[in-house]
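Residue numbers start from 1 in every chain, and the chains themselves are labelled A, B, ... in the order their sequence lines are given, proteins ahead of strands. None of these values were measured; they are calculated from a predicted model. Hydrogens, waters and symmetry mates play no part in the numbers below; they use all other heavy atoms, side chains included.
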2 protein chains.
Amino acid sequence: MKEPNSPDSPLADLCRQRGLKLTGQRRTIAFVLSDSDDHPDVEELYRRAVEVDPRISIATVYRTVRLFEENGILQRRDFGGGRARYEVADGDHGDHYHLIDADTGKVIEFENTELDSLLEGIVRQMGYDLVTTRLSVVGRRTVKPRTRG
Amino acid sequence: MKEPNSPDSPLADLCRQRGLKLTGQRRTIAFVLSDSDDHPDVEELYRRAVEVDPRISIATVYRTVRLFEENGILQRRDFGGGRARYEVADGDHGDHYHLIDADTGKVIEFENTELDSLLEGIVRQMGYDLVTTRLSVVGRRTVKPRTRG
DNA sequence: GACGATAATGAGAAAGATTATCATTTGCAA
DNA sequence: TTGCAAATGATAATCTTTCTCATTATCGTC
Ligand SMILES: [Mn+2]
Ligand SMILES: [Mn+2]
Ligand SMILES: [Zn+2]
Ligand SMILES: [Zn+2]
C-alpha cells in the first residue's frame, strides 16, 4: 500500500523532530493531515486514514490528535456542533480566523492584522498577556440587489 | 417558600411576553437567572434552582435553558471545558466579549465598539452579513516589574 | 540483524454532557 | 371547574471523548 522508500509527510517529520515515536498509524494520520486543507473532525480523519491503512482504530486517531495538539503540531478548533475539528498548526499558513456560512456550514478562512493587534491591545490594557484567541464568526451571504429584473 | 403575591422576575415576565407557558419551574429558573451576574453551567443553575424550589429536576433545567435560548432570552456561551454556560441576553447589559484568566479560569467581560465594527466590516467585505460573533480570549495576568525590591 | 524494555495499539468499556421517552402532573383557556 | 395540550420527573439513550488492559510494535543497544 505504500512505496518502500516513500518519503514521510511534513507532519511525520515534525513528529520525529519532537522525539515522538513514529508508528505506522502516526505516519498514516500525519500523512492524512498534511494532505488535508480543510477542518476535519475525528470521524472524518478516521475515514481518510482507513483509506490509506485499514488496520487503524478510531481510538488511535483520538489519541494521535491529542498528542499532536499537545505538541503544537495540530490546532483544535470549535465551530459548534459538539465535535472538535483539527487543522495543521502551519507556520507559513499563518494564524487565521474562520467565517462560517450560516446556511451551508462552509468554513472560510481569513487573516486580519488589524484584528490581531486590536485584540492584543485590548487584552494588554486589561492587564493581561494574550495567550489564546478563540474567534469564529457566523455570517449569511449578502443578498445582492439585482440591477434590474 | 415564595410570597403569595411576590412579583415575577424580569425573565419570567419576558417568558410570558413570548407566549411561553409560565410553569412553577420556569418561574424558578427565570428568577435564578435574573439573580445571577456570572456564567453558570446547567449543573450550577440546577443547584441554585433547587435552593429556591426543591421539586425541580435537572432535565427541566436542560429543557428550559434550551427553550430560553431559542427564544432569545438566554445566550449560550462556550468557554471550553465541555459544558455550555449561560447568561441573560440583556438588552441594556449590551453585547460583550469574554476574557478568561488562564490560571484562575475567572471570566472577565469587556465591550469594545472598535472591535464590533471591525468584525462587522471584515465580514461585510467578504460578502456576508454578520450573524453571530463567537469570541473569547484567554490571557495571563501581566507580571508587573516591581519598582525596587 | 536480533533482543528487550518501553511505549503504542485495538477493542470495547466507561465517563460526561445532553437529549429522548413516557407515564404522570399542571397551566390555562373556555 | 373542566379538559386538554403541554410540561415535568425519572431514567434510558445518544454522542463524543477518554480509559483499561491484553497484545503488538518501535527503537536503541548489542
Ligand atoms: Mn490583513
Ligand atoms: Mn465546545
Ligand atoms: Zn483554518
Ligand atoms: Zn458575559
Side-chain angles (χ1 to χ4, degrees), chain A residues 1-2 4 8 11-13 15-32 39-47 49-50 52-71 73-86, chain B residues 1-2 4 8 11-32 39-47 49-50 52-71 73-74 76-86:
Chain A
M1 242 117 238
K2 190 171 286 193
D8 281 335
L11 249 63
D13 289 332
C15 189
R16 193 186 284 106
Q17 279 172 39
R18 302 289 156 95
L20 304 173
K21 194 181 280 189
L22 190 51
T23 65
Q25 289 87 339
R26 288 182 184 171
R27 203 189 313 265
T28 297
I29 295 166
F31 167 77
V32 165
H39 306 82
D41 59 27
V42 168
E43 291 279 353
E44 178 60 28
L45 282 175
Y46 174 61
R47 268 178 239 119
V50 164
V52 179
D53 179 357
R55 40 176 202 180
I56 202 168
S57 86
I58 190 149
T60 296
V61 180
Y62 270 106
R63 278 191 283 246
T64 304
V65 293
R66 185 149 49 105
L67 179 78
F68 282 5
E69 199 216 341
E70 286 164 1
N71 284 80
I73 295 174
L74 270 190
Q75 279 193 293
R76 190 207 308 245
R77 304 291 190 184
D78 182 2
F79 299 148
R83 40 228 288 171
R85 300 174 66 169
Y86 294 89
Chain B
M1 245 117 240
K2 189 171 286 190
D8 281 336
L11 249 65
D13 289 332
L14 250 175
C15 189
R16 195 185 282 107
Q17 279 173 38
R18 303 289 157 95
L20 304 173
K21 194 182 280 190
L22 189 52
T23 66
Q25 289 86 340
R26 287 183 185 171
R27 202 190 313 264
T28 297
I29 295 167
F31 167 77
V32 165
H39 306 82
D41 59 27
V42 169
E43 291 278 355
E44 178 60 29
L45 282 175
Y46 174 62
R47 268 177 239 121
V50 165
V52 178
D53 178 358
R55 40 177 205 180
I56 202 168
S57 87
I58 190 147
T60 296
V61 180
Y62 270 107
R63 277 190 282 246
T64 304
V65 293
R66 185 148 49 105
L67 179 77
F68 283 4
E69 199 216 340
E70 285 164 2
N71 284 80
I73 296 174
L74 270 191
R76 191 207 309 244
R77 304 290 191 184
D78 183 0
F79 299 147
R83 40 230 285 173
R85 300 174 65 170
Y86 294 89

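Side-chain atoms of B:Thr64 and B:Gln25, non-hydrogen and from C-beta on, never get closer than 4.5 Å to each other. Using a 4.5 Å heavy-atom cutoff, the side chains of A:Leu22 and A:Asp8 are in contact. Between A:Arg83 and A:Asp78, every side-chain heavy-atom pair lies at or beyond the 4.5 Å cut-off. A heavy-atom distance below 4.5 Å is not found between the side chains of A:Thr60 and A:Tyr46.
Of the two residues contacting DNA chain C, namely B:Tyr62 and B:Thr23, the nearest-nucleotide position lying further toward the 5' end is that of B:Tyr62. Nearest-nucleotide positions on DNA chain C place A:Leu20 closer to the 5' end than the other of A:Leu20 and B:Arg66. Residue-to-nucleotide proximity on DNA chain D shows that, of B:Val61 and B:Lys21, the 5′-proximal contact is made by B:Lys21.
Only one option out of A:Arg77, A:Arg85, A:Arg76 pairs with A:Glu69 in a salt bridge (charged side-chain N to carboxylate O under 4.0 Å, His left out); it is A:Arg76.
If you measure from atom CG of B:Asp41 to atom P of C:dA17, you get 8 Å, rounded to the nearest angstrom. Rounding to whole angstrom units, CZ of residue A:Arg85 and P of D:dC15 are separated by 18 Å. In this structure, A:Arg26 places its CZ atom 11 Å from C1' of D:dA25, rounding to the nearest Å. With rounding to whole Å, B:Leu67 atom CG is found 14 Å from C:dA20 atom P. Rounded to whole Å, the distance from CZ on B:Arg83 to C1' on C:dT18 is 12 Å. In this structure, the CG atom of A:Leu22 is 17 Å from the P atom of C:dA7, given to the nearest Å. If you measure from atom CZ of A:Arg18 to atom P of C:dA8, you get 16 Å, rounded to the nearest angstrom. If you measure from atom CD1 of A:Ile58 to atom C1' of D:dC19, you get 15 Å, rounded to the nearest angstrom.
Listed pair A:Thr60 / C:dG10 meets the phosphate criterion, a side-chain N or O lying under 4.0 Å from OP1 or OP2. Considering only side-chain N and O atoms, B:Arg63 lies nowhere under 4.0 angstrom from the phosphate OP1 or OP2 of D:dA10. Considering only side-chain N and O atoms, B:Gln25 lies under 4.0 angstrom from the phosphate OP1 or OP2 of D:dG9.
Note on B:Arg55: only backbone sugar-phosphate atoms sit closer than 4.0 angstrom, heavy atoms only; bases stay farther off.
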